[in-house]
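The basis for the numbers below is simple: all heavy atoms, side chains too, and nothing from hydrogens, waters or symmetry mates. Remember, it's a predicted structure, so these values are computed and weren't measured experimentally. Whatever order the structure lists them in is the order used to number ligands and atoms, beginning at 1.
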Amino acid sequence: MEGLIYLDNGATSFPKPESVYKYMDYFYRNFGVNPGRSGYDMCMEAGSMVEETRKLLSDFFHGTDPNRLVFTYNSTDALNLAIFGVLRPGDHAITTNVEHNSVLRPLYHLFQDGGIELEHVPFDAKGFVDPDEIARRFKANTRLVAVNHASNVIGTVQPIGEIGRRCREAGILFLIDASQSAGKVPIDMEAQCIDLVAFTGHKSLLGPTGIGGLCVREGVEVRHTRAGGTGVRSAVKTHLDEYPYRLEYGTMNSMGVAGLNAGVKWVLEQGVEKIHEQEMHLTRLLRDGLQGIPGVTLYCADDLENHISVMIFNVDGLEAMDTGTMLDVDYGIACRTGLHCAPLVHEQIGTDKIHGAVRFGIGPFNTEAHIHAAIRAVGEITASRRK
Ligand SMILES: Cc1ncc(COP(=O)(O)O)c(C=O)c1O
């Protein structure tokens, strides 16, 4: 770890703020019991922390009922709950080519075995999905539009307010995958007409792995696709309908919730806009540096206006994986290579044929020195190819 330059924040943020490590340790040592299951003080205290975190996150997304913010393992889990809980045989669903497999695969399973119709909307040359392209595909049986807010591959931020407005006018449910955006780009369920927000705790919300959630707008119902213990009303034979129990099953990851509590508080203290501004300053520096190296190809990086701090590139004549290995072994720089669990993005930009690309993901603890080192390293790797 000593000396490592961590540019893999698209996979998970690292390090976390000091307050996250400290609060998780404090919480688990003092209140690491099963929250909401009994009436003794420790249990009540653990339950209060969970409820406070629900409210923090519900407010963060401009939800109107904190009980409709349910905790899940991660965004994959939340997206599965939403997609399988909303769609029925005969429904039509629309998604995009920007999606991660956590949206593509649940939808594909329902297309294959669950009797739904499915369409994928492509993005334009700069990496943006046109809201009108989505609206043009609306049909009488369209129930759900699922869109990745910020791409984990090309970094583009989709116009979710515009898409949400079109969905609301047509009476279609709108689900966003906020895995990469929550903590970097403001999200307002009310103003942007979003029905369901799926998020993960371990990326830009700066919590640990194993915790995420789904925020469900009032009036939107997600069917149970699981059943189990809720800690209350144990004599009822079926899973409870009321939130948050409706979408929470079994003992929760309370230590994860504690870490997320501290992570969100850190983000709020710094300010989402300020974090984003600082990361985009470094992203522009990185883009300009890489663009100046002959033999380096960047993808969808010309317009950084609606963008987050992830960027992909390739070096002429080198497999992405080999570039990644050189960055790691020769320069101590951590990045991510391959298809990034988003195969349709690579298919559309043509990088699927060369086994993907190299991704740098910038986080709040990166510095200009890290970016200069990365540009220098890519420059040297590229120059060595030309010799
Ligand atoms: C856009 C996007 N969606 C979904 C996910 C899945 O997140 P998790 O693995 O935390 O469920 C990721 C993670 O890389 C992502 O980048």
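One side chain, T96 or E99, offers a donor N or O that lies under 3.5 Å from an acceptor on the other. Side-chain contact of S309 with K184: a donor-acceptor pair under 3.5 Å is present, judged by distance alone.
Under 4.0 Å from any atom of ligand 1, one finds heavy atoms of residues N74, S75, T76, H100, S102, N148, N152, D177, S179, Q180, T200, H202, K203.
The aromatic rings of Y26 and F31 stand perpendicular to each other, their planes meeting at an angle above 60°, with 30° marking the opposite boundary.
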What side-chain donor-acceptor pairs closer than 3.5 Å can you find for residues 224-233, not counting sequence neighbours?
unit_1	atom_1	unit_2	atom_2	d
H224	ND1	R246	O	3.3
H224	NE2	D241	OD1	2.8
R226	NH1	D77	OD1	3.3
R226	NH2	D77	OD1	2.6
T230	OG1	V232	O	2.9
R233	NH1	E242	OE1	3.3
R233	NH1	E242	OE2	2.5

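Evaluation of the ring-ring contact (aromatic ring centres under 6.0 Å, His included) test over residues 282-324, restricted to residues two or more places apart or in two chains, returns F313-F360. Listed by first and then second residue, the side-chain hydrogen bond (donor to acceptor under 3.5 Å, both in side chains) pairs that reach into residues 103-112 come to none, sequence neighbours excluded.
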